[in-house]
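One structure is given below, encoded as structure tokens.
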Amino acid sequence: MESRKQTFHRYNQFNQLLRAILIGILTGLVVSVFRLTIQFFLQFVRASFTYFHTHPWGLFLWLGGSIILALILGWLAQRNPDIKGSGIPQVEGQLTNQFDEKWWPVLWRKFVGGIFAIGSGLYLGREGPSIQLGATIGQGIEETAKVGHLNRQIGIASGAAAGLSAAFNAPIAATIFILEEVYHNFSPVIWLSTFVSALCSNMVSMQFFGLRPVLNVPYNYMLPNDLYWHLIVLGIILGVLGRLYQVVILNLNSWAARIPHLPPIAYPIIPFILVIPIAWYFPLTLGGGNELISGLRSLPFSLSLFVGLFVLRFVFSMISYGSQLPGGIFLPILTLGAILGAVYCALMVRLGLMPIRYLPNFIIYAMAGYFACISKAPFTAILLITEMVGSLAHLMPLALVAVVAYLVVDILHGEPVYTAMFNAFIGNNPQQRKHKEDVTMPITIYAGAQLDGCQVKDYHWPADTIVMVVCRGEEKIIPNGQTKLLAGDTLILRVNSAATRQVYYKVTRAAHYAQG
């Protein structure tokens, strides 16, 4: 009997991995086409403004077309709130059973809306939309296969990881980001499926974009030990500015609502008009910012120039995201971090505290630190920059900057930005909450947490909550009151939908943290 159960479990796991491969391949194709089309549009915008320098009358036609396109995209986003913004908060809501969406309408609308919003030159990133695109593909495959709620969740997580992997060519960091920041679940079945999808997606993406690192920031010198104190100072600065970023980004919607006589459908008109002078004077800065990151080293080494670039990128990225169009903050955050690294290096060189040759190093370090503190995902930040830059040489300084920046934001009471954005999204769209009689919720127990070593009967479970299965490695246990829960176990809970949010936060707290 036991052998039959194990055979059936392995059969299910094998099928899940086959679907993970399919999810990865399809996501890699979709996201690669998404990336290529955005790149084509950005090149078209730059070429057009080069032409306008000698034929300025064309600006009037461009302005009229921009306003029409802005209104169309604004109408699309307001009619379909699931496609607004990054898409990562929506995926997190799905994986925590607090929100749901239909996969096909979101997939094609996010794809089209993201191409025109990001490809027009707005300071929006492709990574958040790529994650949501992958999640919808995973959801569609699992729903078509009719394999149950838990496998559906695994498919969504796998697709999300595959989307980020294809966007950045970083499968390890993509897997860690989805598990650390979005799903908060390190169950063996889940991480294996997400990693397989991320690898397959990356293999497809490599056929389109080759092996060159996404962020090509060559460096020639390793930072000596006597300059490591700069990393602590840089981490503190990044933490403070990262908390400022969180405060601004989370208040954009309330500030935009105060603009008189401007309905939400017209919000995109503002960034579409403002991007015209930016494309005229600063075409290198258009889009998410990966070309600017790669080109920072070749710009004139000037403190005032770097500060000006930071102010421009910070302000216009907020205006772009405040338009509520499909587009993310992932790459714009990394771009701001890179510029802050250049600002810090230029300041230290002016003060005579650092040689100019370490500029590329600090661009790399600051990207990791700024993303780590804003997203509160330091492991992802370290691995992401390592994979994107294509070098393991920076692990120690990256880790130091990321941890210091993370601790500063934690002291300043900053939340993970995507979790806070989801809470704001649900608060502004209460009709988007998940409505079902009950839902299945997986939660993993961490070492030293309140539930670690606790018997099922000894924990006061929320009302209408049933512990259906305890997944321990490859074993599935049907628990009773005497079942002892251990670190690494994944609990499969059956929860009434009316209390999903409260149950998730209460049980997650008990599964991840010690009592008190």
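The analysis underlying the following values was restricted to heavy atoms, covering all of them including side chains, and did not include hydrogens, waters or symmetry mates.
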Are the side chain of [X] and the backbone of [Y] linked by a donor-acceptor contact shorter than 3.5 Å?
X	Y	answer
Thr54	Tyr51	yes
Lys110	Ile83	yes
Asn80	Leu76	yes
His53	Trp280	yes
Glu127	Ala167	no
Arg350	Leu303	no
Ser32	Leu29	no
Ser323	Pro268	no
His230	Met354	no

Going by atom types only, do [X] and [Y] share a side-chain donor-acceptor pair under 3.5 Å?
X	Y	value
Asp82	Gln132	no
Gln139	Glu143	yes
Gln324	Gln78	yes

Which atom pair, heavy atoms only, marks the closest approach of [X] to [Y]?
X	Y	value
Leu336	Ser317	CD1-OG, 4.4 Å
Ala160	Val91	CB-CG1, 4.1 Å
Ala198	Thr175	CB-OG1, 3.6 Å
Leu359	Ala342	CD1-CA, 3.6 Å

For the residue pair [X] and [Y], is the inter-centroid distance of their aromatic rings smaller than 6.0 Å?
X	Y	result
Tyr344	Phe306	no
Tyr321	Tyr123	no
Trp62	Phe52	yes
Phe330	Phe168	yes
Phe362	Tyr365	yes

Spatial distance of atom [atom1] ([X]) from atom [atom2] ([Y]) [nearest 0.5 Å]:
X	Y	atom1	atom2	result
Ile178	Thr380	CD1	OG1	8.5 Å
Thr335	Asn290	OG1	CG	7.0 Å
Cys345	Leu234	SG	CG	10.0 Å
Ile249	Phe314	CD1	CZ	8.0 Å
Met318	Asn251	CE	CG	10.0 Å
Ser165	Phe195	OG	CZ	9.0 Å

Of all residues at least two apart in sequence or in a different chain, which pass the ring-ring contact (aromatic ring centres under 6.0 Å, His included) check with Phe34?
Phe111
Would you list the pairs meeting salt bridge (Lys or Arg N to Asp or Glu O under 4.0 Å) in which at least one residue belongs to residues 38-50, sequence neighbours left out?
Arg46-Glu291
Where do Trp103 and Trp108 land on the side chain to side chain contact (heavy atoms under 4.5 Å, CB included) test, with the steps shown first?
CA-CA 9 Å; Trp103 68 273; Trp108 76 262; over 6 Å; no
Evaluate the side-chain proximity of Leu325 to Lys84: yes if any heavy-atom separation is below 4.5 Å, no if none is.
no
Option passing side chain to side chain contact (heavy atoms under 4.5 Å, CB included) with Val31 (candidates Ser201, Ser205, Ser130, Pro129):
Ser130
Salt bridge present between Arg152 and Asp100 (N-O < 4.0 angstrom)
yes
